[in-house]
Amino acid sequence: MNSKTEKSKTAPESGKKHSKKSKKKKDRGIIPYITTPLIFCLISLVVVLPMLISFTNIAVKSVHNVQEKIPYGINDAVVHSERFDNKTLEYDVEKIGLCEKVGVLRCERVGIDTEVFFGVNRVSLRNGVGLSAKSKLNNNNSKLDIAGYSSAYFKGLNNVKKGDVIVFETTDKIYEYEVVSNRVELSPEAKYSTGMILSCDKESKAFSAYNEKKRYVVAEIMSMKDKKGE
């Protein structure tokens, strides 16, 4: 009897202790779940943020240093047409300045009517289309490689068809070309020693001279004539 009564007395007491512990656990609630992430956030702000700021400052300084070493022609180029307008432009890649206006390109059927600037770069392509430095302007033996954005001045290039006439006008001459092909492919440049190759980005994707496949319009020269009365 004594042992039973002792057990019955101790059992409730142990149960009470267990319930008190569980209550204490329950009383803690969601506070630990809030404070722990906050602590980690504070640590990140104190430790990680300064490191990110320091890294960003180093990166910015590096970019500025590189920009300072880039030649003027690439870093601060702007389009200009003074010599073209005054008809004093010499068509020599050694004498034509970067982003200098060298001509006007037209294809009436598709609505292309744009200025042509020397150099395939962002400045030229934002203001018109760019004539590659690889181009040769030598009367009927000319080979012109001209690029532009499909979302800007070459918007109608994908609508050009075989047989369309493309006109390239310089300070003293007018060249007429007939389109022989229009397709997306690898550069056809090696196949042609003369004529005109127009190119733009494929499907309105950002133009890049490094893209393997672009839209190319190839045209052969039909005629060349001197401007009259100018």
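- Counting heavy atoms of neighbouring residues, nucleotides and ligands inside a 6.0 Å radius, atom NZ of Lys143 exceeds 12 of them.
- In this structure, Tyr216 and Glu185 have side chains that are in contact, with non-hydrogen atoms separated by less than 4.5 Å.
- Between Phe117 atom CZ and Tyr153 atom OH the span is 8.0 Å, to the nearest 0.5 Å.
- Using a 4.5 Å heavy-atom cutoff, the side chains of Leu198 and Leu105 are in contact.
- When all heavy atoms of Arg83 and Glu90 are compared, the pair lying nearest together is NH1-N, 4.3 Å.
- A pairwise comparison of heavy atoms in Tyr192 and Ile197 identifies CD1-CD1, 4.4 Å as the closest pair.
- Here CG of Asn121 is found 9.5 Å from CZ of Arg126. Values are rounded to the nearest 0.5 Å.
- Rounding to the nearest 0.5 angstrom, the gap separating the OG1 atom in Thr170 from the NZ atom in Lys87 is 10.0 Å.
- Between Asn141 and Ile221 the shortest side-chain heavy-atom distance does not fall below 4.5 Å.
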Stepwise side chain to side chain contact (heavy atoms under 4.5 Å, CB included) test for Asp113 and Val104: CA-CA 7 Å; Asp113 187 349; Val104 178; 3.9 Å; yes
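- A donor-acceptor contact shorter than 3.5 Å links the side chain of Asp201 to the backbone of Ser150.
- When every heavy atom of Lys214 is checked against every heavy atom of Cys200, the shortest pair comes out as CB-O, 3.1 Å.
- Note that the CG atom of Asp145 and the OG atom of Ser132 stand 4.5 Å from one another [nearest 0.5 Å].
- With hydrogens and angles disregarded, a donor-acceptor distance shorter than 3.5 Å links the side chain of Tyr91 to the backbone of Val102.
- Residue Phe154 is grouped with residue Val110 when hydrophobic side chains (ILVMFWY) are merged at heavy-atom distances under 4.5 angstrom, including chains of intermediate members.
- Salt-bridge formation is detected for the pair Glu169/Arg106: a Lys NZ or Arg NE/NH1/NH2 atom is positioned less than 4.0 Å from an Asp or Glu carboxylate oxygen.
- With rounding to the nearest 0.5 angstrom, the OG atom of Ser135 is 6.5 Å from the CD1 atom of Ile146.
- Considering all non-hydrogen atoms of both residues, Cys107 and Val165 come closest at SG-O, 3.7 Å.
- Looking at Asp172 and Lys227, no side-chain N of the basic residue comes within less than 4.0 Å of a carboxylate O on the acidic one, giving no salt bridge.
- From Lys101, atom NZ reaches atom OG of Ser124 across 13.0 Å, with rounding to the nearest 0.5 Å.
- Nearest heavy atoms, Ala147 versus Val120: CB-CG1, 4.0 Å.
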Only pairs under 3.5 Å count here: list side-chain donor-acceptor contacts from residues 174-182, not counting sequence neighbours, and write none if there are none.
unit_1: Glu176; atom_1: OE1; unit_2: Ser223; atom_2: OG; d: 3.0
unit_1: Asn182; atom_1: OD1; unit_2: Arg215; atom_2: NH1; d: 3.0
unit_1: Asn182; atom_1: ND2; unit_2: Leu157; atom_2: O; d: 3.1
unit_1: Asn182; atom_1: ND2; unit_2: Val160; atom_2: O; d: 2.8

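- Among all heavy-atom pairs drawn from Lys136 and Leu144, the shortest one is O-CD2, 4.0 Å.
- Grouping the Ile, Leu, Val, Met, Phe, Trp and Tyr side chains by contacts below 4.5 angstrom, directly or via other members, places Met222 apart from Met196.
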